[in-house]
Amino acid sequence: MSIELSDQEVQRRESLKKLRDLGINPYPADLYPVTSYASDIKNKFEDGKKVCIAGRLMSQRVMGKASFAEILDSTGRIQVYFNRDEICPGEDKTLYNDVFKKLLDLGDFIGIKGYLFTTQVGEISVHVEEFSLLSKSLKPLPLPKTDSEGKVHDAFTDPELRYRQRYADLIVNPHVKETFIKRSKVISTMRNFFDEKGYMEVETPILQPIAGGATARPFMTHHNALDVPLYLRVANELYLKRLIVGGFDGVYEFAKDFRNEGMDRTHNPEFTVMEIYVAYKDYNWMMDFTEQMIEKVAVEVTGSTDVTVGENTINLKAPFKRITMRDSILEFTGFDINGKSEEELHAACKSLGIDTNPTMGKGKLIDEIFGEKCEGNYIQPTFITDYPIEMSPLCKRHRDNPELTERFELMVNGKEIANAYSELNDPIDQRERFEEQMKLSEKGDDEAMFIDQDFLRSLEYGMPPTSGMGIGIDRLVMLMTNNSSIQEVLFFPQMRPEKFQTGPDLESFKKVGVPGEWAEHVFKAGYSSVDELLMAKPTSVHQQLNGYRKKNKLEIEALQLDEVQAWFN
RNA sequence: GAUUCUGUAGCUCAGCCGGUAGAGCAAUACACUUUUAAUGUAUGGGUCCUGGGUUCGAAUCCCAGCGGGAUCACCA
């Protein structure tokens with residue numbers, strides 16, 4: 001990031017100074033006694049009613065002695081009307097001519113006291129009697145324009161800028177704000193649903209000595225006092241089950257989980273999962289529970305059980321279709337997986353055109369077939385049940401078939417959004433399953449689980465029959481808000497960090513090899529310390545510095561990449 | 001990680017068969033007492049992502065790199 005200010009930023013700083021010269025504090029400390037909000041004013045219009053509103057100035061239309069402006073508050077926009085001679089009844093018209101017309105900028109927070117009226121064109125507006133600056137904005141907003149047909153011009157659409165500067169995105173793109181309001185509603189609806197049933201919201205460790213409960217690469221950290229490695233959790237399942245052992249009937253947690261894996265439009269390194277565990281239930285009960293919950297969320301958030309996603313309309317009214325994995329594969333491939341050996345499954349994959357490798361066991365092969373041939377077909381909500389045992393090391397064996405588990409996943413719009421089990425509570429079976437995982441790991445499967453001895457100990461004390469379910473909140477929100485990218489439903493999706501100018505600096509740069517004539521400019525170009533400089537990529541530093549040189553027309557030779565790389569050794 | 005698209009003013013974009021930059025909005029100045037994409041007139045504003053190459057001359061062509069998007073791979 002450059003430290004240079006744009007033209008408009010310079011002008012705003014000058015306005016700031018002029019306001020101070022006029023005795024106006026651009027950042028006053030006292031509260032502002034807001035009585036009304038834009039949406040209430042529009043919905044419950046009362047002619048002549050006195051109001052006091054506050055918000056951001058979003059547009060200004062000056063017509064000589066009268067002006068219209070728009071104020072954006074947390075509920076929306078409202079038009080306000082300024083009349084010069086009412087604001088400035090005496091000879092001195094400074095407040096209107098200078099303060100309002102010149103020194104206020106779009107984006108400033110102002111407070112308005114006035115009364116409601118309707119303009120000749122019929123727009124509900126606030127007739128301003130008094131206004132005050134509440135906070136000055138020094139950076140121009142990327143403001144789009146909306147025409148009379150509601151069409152948006154010059155929309156702020158660049159994904160990089162929108163995600164990096166979500167605050168600006170939220171200000172100028174109302175639909176973005178709407179998405180996040182819905183996200184909050186998804187969560188509060190679920191929370192209410194669970195609380196009404198008497199289940200308890202809990203918190204479990206994010207820093208875990210073993211990243212258990214799922215198979216994924218964890219983020220690793222270190223605890224200094226104990227001098228031990230710790231992991232950011234990839235799941236919280238094993239801790240919630242410990243609480244069921246401890247005697248709670250129903251526990252749930254909205255959890256941030258962390259996985260050190262790739263990022264794409266459905267994956268962010270940190271993401272939110274809701275997991276719930278209920279004692280004395282099985283996976284059949286959990287299916288009923290899940291479909292009721294989803295239906296309720298859809299109605300509360302979208303007002304309907306029909307949700308539009310891309311080109312599809314999805315009906316989320318319970319009950320949902322249920323089909324076993326065996327029947328699903330049979331339906332879409334004609335192949336019956338029942339009782340097949342690993343060799344037969346390899347052969348089947350081959351004939352279906354699915355790539356395999358020798359490390360894949362039966363469970364993985366079946367999962368591949370399902371993923372390739374079946375999963376995408378389930379647009380309408382469907383419970384896929386009875387997964388092979390190799391894929392589900394924490395799930396109870398199926399009551400009718402020891403090769404299977406009592407597990408379901410909920411597919412919607414061709415994607416998995418929830419996963420649930422009748423939980424495995426046989427400690428001996430669980431220990432064997434973990435050992436199976438260790439063997440898979442030795443065979444080369446890097447997704448196998450670690451053994452959590454403390455969890456096994458808790459099971460040995462006895463866990464009641466329990467069903468548990470996890471649901472990806474981000475993906476559920478994507479579904480409910482018709483977004484195809486996870487970045488659209490996270491306030492601050494993970495991005496490569498930006499570099500910023502921070503504080504003063506010494507010329508310790510020279511010690512790592514920065515030429516004398518460059519040291520000062522290295523600092524000005526945004527690297528406030530040697531550490532910061534060396535944290536960056538040499539290629540990036542090289543560009544940053546030469547860019548700075550070019551912009552400021554420095555009379556120094558451009559840096560070569562290998563020259564910059566030498567600083568890093 | 002692979003492929004591909006992309007990077008030009010505060011924002012959205014044009015210019016890309018090479019001749020050292022344009023539009024709309026935003027900004028500045030003036031005019032205008034019910035406008036609403038307000039209007040009219042005038043003005044200012046650029047690291048054309050970075051470096052190198054080709055060339056008399058590069059935003060434009062070539063090479064290398066950086067950021068971002070999309071698709072794929074990876075990923076309970």
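Chain letters run A, B, ... following the sequence lines, proteins first, then strands; residues in each count from 1. Because only heavy atoms are used, hydrogens play no part in the values below, and waters and symmetry mates are left out as well, while side chains stay in.
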S.K.: Where the side chain of A:Glu416 is concerned, which of B:A76, B:U36, B:U12 is the nearest nucleotide?
M.R.: B:A76

S.K.: Taking only heavy atoms on the protein side, list every residue of residues 482-492 of chain A lying under 4.0 Å from any atom of RNA chain B, sorted numerically.
M.R.: A:Gln487

S.K.: Nearest heavy-atom pair of A:Leu103 and A:Lys136: which atoms, and what distance?
M.R.: O-NZ, 2.8 Å

S.K.: If you measure from the C1' atom in B:U12 to the same atom in B:A26, how many Å do you get, rounded?
M.R.: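 The same atom, C1', in both gives a distance of 11 Å.
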
S.K.: Using the P atoms only, state how far B:A21 lies from B:C49, rounded to an integer number of Å.
M.R.: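 Roughly 15 Å separates the two P atoms.
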
S.K.: Assign A:Asp264 to base, sugar-phosphate, or nothing according to its heavy-atom contacts below 4.0 angstrom with the strands shown.
M.R.: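 The residue A:Asp264 makes base contact.
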
S.K.: From the options B:U35, B:U34, B:G68, select the nucleotide whose nearest atom is closest to the side chain of A:Ser125.
M.R.: B:U35

S.K.: List in chain and number order the residues that pass ring-ring contact (aromatic ring centres under 6.0 Å, His included) with A:Phe82, two or more places apart in sequence or in another chain; answer none if no residue qualifies.
M.R.: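 Once residues adjacent in sequence are excluded, the partners of A:Phe82 under the ring-ring contact (aromatic ring centres under 6.0 Å, His included) criterion are A:Phe100, A:Phe131.
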
S.K.: According to the Watson-Crick and G-U wobble definitions, with both distances under 3.5 Å, which nucleotide is paired to B:A21?
M.R.: none

S.K.: Under a 3.5 Å distance rule, please check whether A:Asp108 uses its side chain to pair with a backbone N or O of A:Asp105 as donor and acceptor.
M.R.: yes

S.K.: Could you check whether atom CE of A:Met220 has more than 12 heavy atoms from other residues, nucleotides or ligands sitting under 6.0 Å from it?
M.R.: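 Counting neighbours around CE of A:Met220, 12 or fewer heavy atoms of other residues, nucleotides or ligands fall under 6.0 Å, so no.
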
S.K.: Please tell me which of the listed nucleotides, B:U33, B:U36, B:A76, lies nearest to the side chain of A:Glu123?
M.R.: B:U36

S.K.: Within residues 251-259 of chain A, find the residues that approach RNA chain B with a heavy atom at under 4.0 Å, and present them sorted by residue number.
M.R.: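 Within this stretch, A:Arg259 sit under 4.0 Å of the strand.
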
S.K.: Does A:Arg84 have any salt bridge (Lys or Arg N to Asp or Glu O under 4.0 Å) partners at least two apart in sequence or in another chain, and if so, which?
M.R.: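 Once residues adjacent in sequence are excluded, A:Arg84 has no partner under the salt bridge (Lys or Arg N to Asp or Glu O under 4.0 Å) criterion.
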
S.K.: Strictly by modelled atom types, are A:Tyr283 and A:Thr405 linked by a side-chain donor-acceptor pair under 3.5 Å?
M.R.: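 Per modelled atom types, A:Tyr283 and A:Thr405 side chains form no pair under 3.5 Å.
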
S.K.: Just call it for A:Val62: base, sugar-phosphate, or nothing, with non-hydrogen atoms closer than 4.0 Å on any strand.
M.R.: base

S.K.: What one-letter contact string describes nucleotides 22-29 of chain B from 5' to 3', where B marks a base within less than 4.0 Å of any protein heavy atom, S marks contact via sugar-phosphate atoms alone, and - marks no contact?
M.R.: --BSBSSS

S.K.: State, to 0.1 Å, how close A:Cys374 and A:Ser328 come at their nearest heavy-atom pair, and which atoms those are.
M.R.: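 A:Cys374 and A:Ser328 have their closest heavy atoms at CB-OG, 3.5 Å.
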
S.K.: For A:Glu403, does the CD atom have more than 12 heavy-atom neighbours from other residues, nucleotides or ligands under 6.0 Å away?
M.R.: no

S.K.: Roughly how many Å apart are B:U6 and B:C13, using the C1' atom of each and rounding to a whole number?
M.R.: 13 Å

S.K.: May I ask you to verify if any side-chain N or O of A:Arg217 is less than 4.0 angstrom from the OP1 or OP2 atom of B:C74?
M.R.: no

S.K.: I'd like the P distance from B:A59 over to B:U20, given in whole Å.
M.R.: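 Their P atoms lie roughly 10 Å apart.
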
S.K.: Quick check for you: among B:C11, B:U33, B:C74, whose closest atom lies nearest to any side-chain atom of A:Ala66?
M.R.: B:U33

S.K.: Kindly indicate whether a cation-pi arrangement holds for A:Arg407 with A:Tyr387, taking the cut-offs as under 6.0 Å to the six-membered ring centre and within 45° of the axis.
M.R.: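 Satisfied, under 6.0 Å and within 45°.
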
S.K.: Suppose we call two aromatic rings close when their centres sit under 6.0 Å apart. Are A:Phe492 and A:Tyr163 close by that rule?
M.R.: no

S.K.: I need the CD-C1' distance between A:Gln437 and B:A76, as an integer number of Å.
M.R.: 11 Å

S.K.: Can you check the distance between B:G7 and B:C16, where both ends of the measurement are the C1' atom (answer in whole Å)?
M.R.: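 Result for the C1' pair: 14 Å, nearest Å.
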
S.K.: Would you say B:G68 has OP1 or OP2 under 4.0 Å from some side-chain N or O of A:Arg164?
M.R.: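 Answer is yes, contact under 4.0 Å.
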
S.K.: Heavy atoms from C-beta onward define the side chain here; which of B:U35, B:G69, B:U33 lies closest to that of A:Lys65?
M.R.: B:U33

S.K.: Scan side-chain atoms only and decide if A:Glu123 and A:Thr118 contain a donor-acceptor pair under the 3.5 Å cut-off.
M.R.: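 The criterion, which ignores hydrogens and geometry beyond distance, is not satisfied for A:Thr118 and A:Glu123.
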
S.K.: Please determine whether a side-chain nitrogen or oxygen atom of A:Arg61 lies at a distance below 4.0 Å from atom OP1 or OP2 of B:U35.
M.R.: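 Checking B:U35 against A:Arg61, no side-chain N or O comes under 4.0 Å of OP1 or OP2.
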
S.K.: May I ask you to say what A:Gln79 touches in the nucleic acid, namely base, sugar-phosphate or nothing, with a heavy-atom cut-off under 4.0 Å?
M.R.: base

S.K.: Taking only the P atom of each, what is the distance from B:G19 to B:A38 in whole angstrom?
M.R.: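 Looking at atom P only, B:G19 and B:A38 are 37 Å apart.
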
S.K.: Of all the nucleotides listed (B:U35, B:G69, B:U33), which has the minimum atom distance to the side chain of A:Tyr163?
M.R.: B:G69

S.K.: Can you tell me if A:Thr119 touches the phosphate of B:U35, counting only side-chain N or O atoms and a distance under 4.0 Å to OP1 or OP2?
M.R.: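 Looking at the OP1 and OP2 atoms of B:U35, neither is under 4.0 Å from any side-chain N or O of A:Thr119.
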
S.K.: Looking at the side chain of A:Ala214, which of B:C11, B:A70, B:A76 is the nearest nucleotide?
M.R.: B:A76

S.K.: Look at the side chain of A:Thr157 and the base of B:U12, then say whether one donor and one acceptor between them are separated by less than 3.5 Å.
M.R.: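 Absent.
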
S.K.: Hunt down the Watson-Crick or G-U wobble partner of B:A31, both distances under 3.5 Å, from any strand shown, or write none.
M.R.: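 Check on B:A31: paired to B:U39, both distances under 3.5 Å.
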
S.K.: Going from NZ on A:Lys93 to CG on A:Asp85, what distance comes out if it is rounded to the nearest 0.5 angstrom?
M.R.: 4.0 Å

S.K.: Check the interface with nucleotides 2-8 of chain B: list each N/O to N/O pair with the protein under 3.5 Å, or write none.
M.R.:
none

S.K.: Distance only, no hydrogens: is a donor on one side chain within 3.5 Å (strictly under) of an acceptor on the other, for A:Arg233 and A:Thr204?
M.R.: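 Short answer, yes.
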
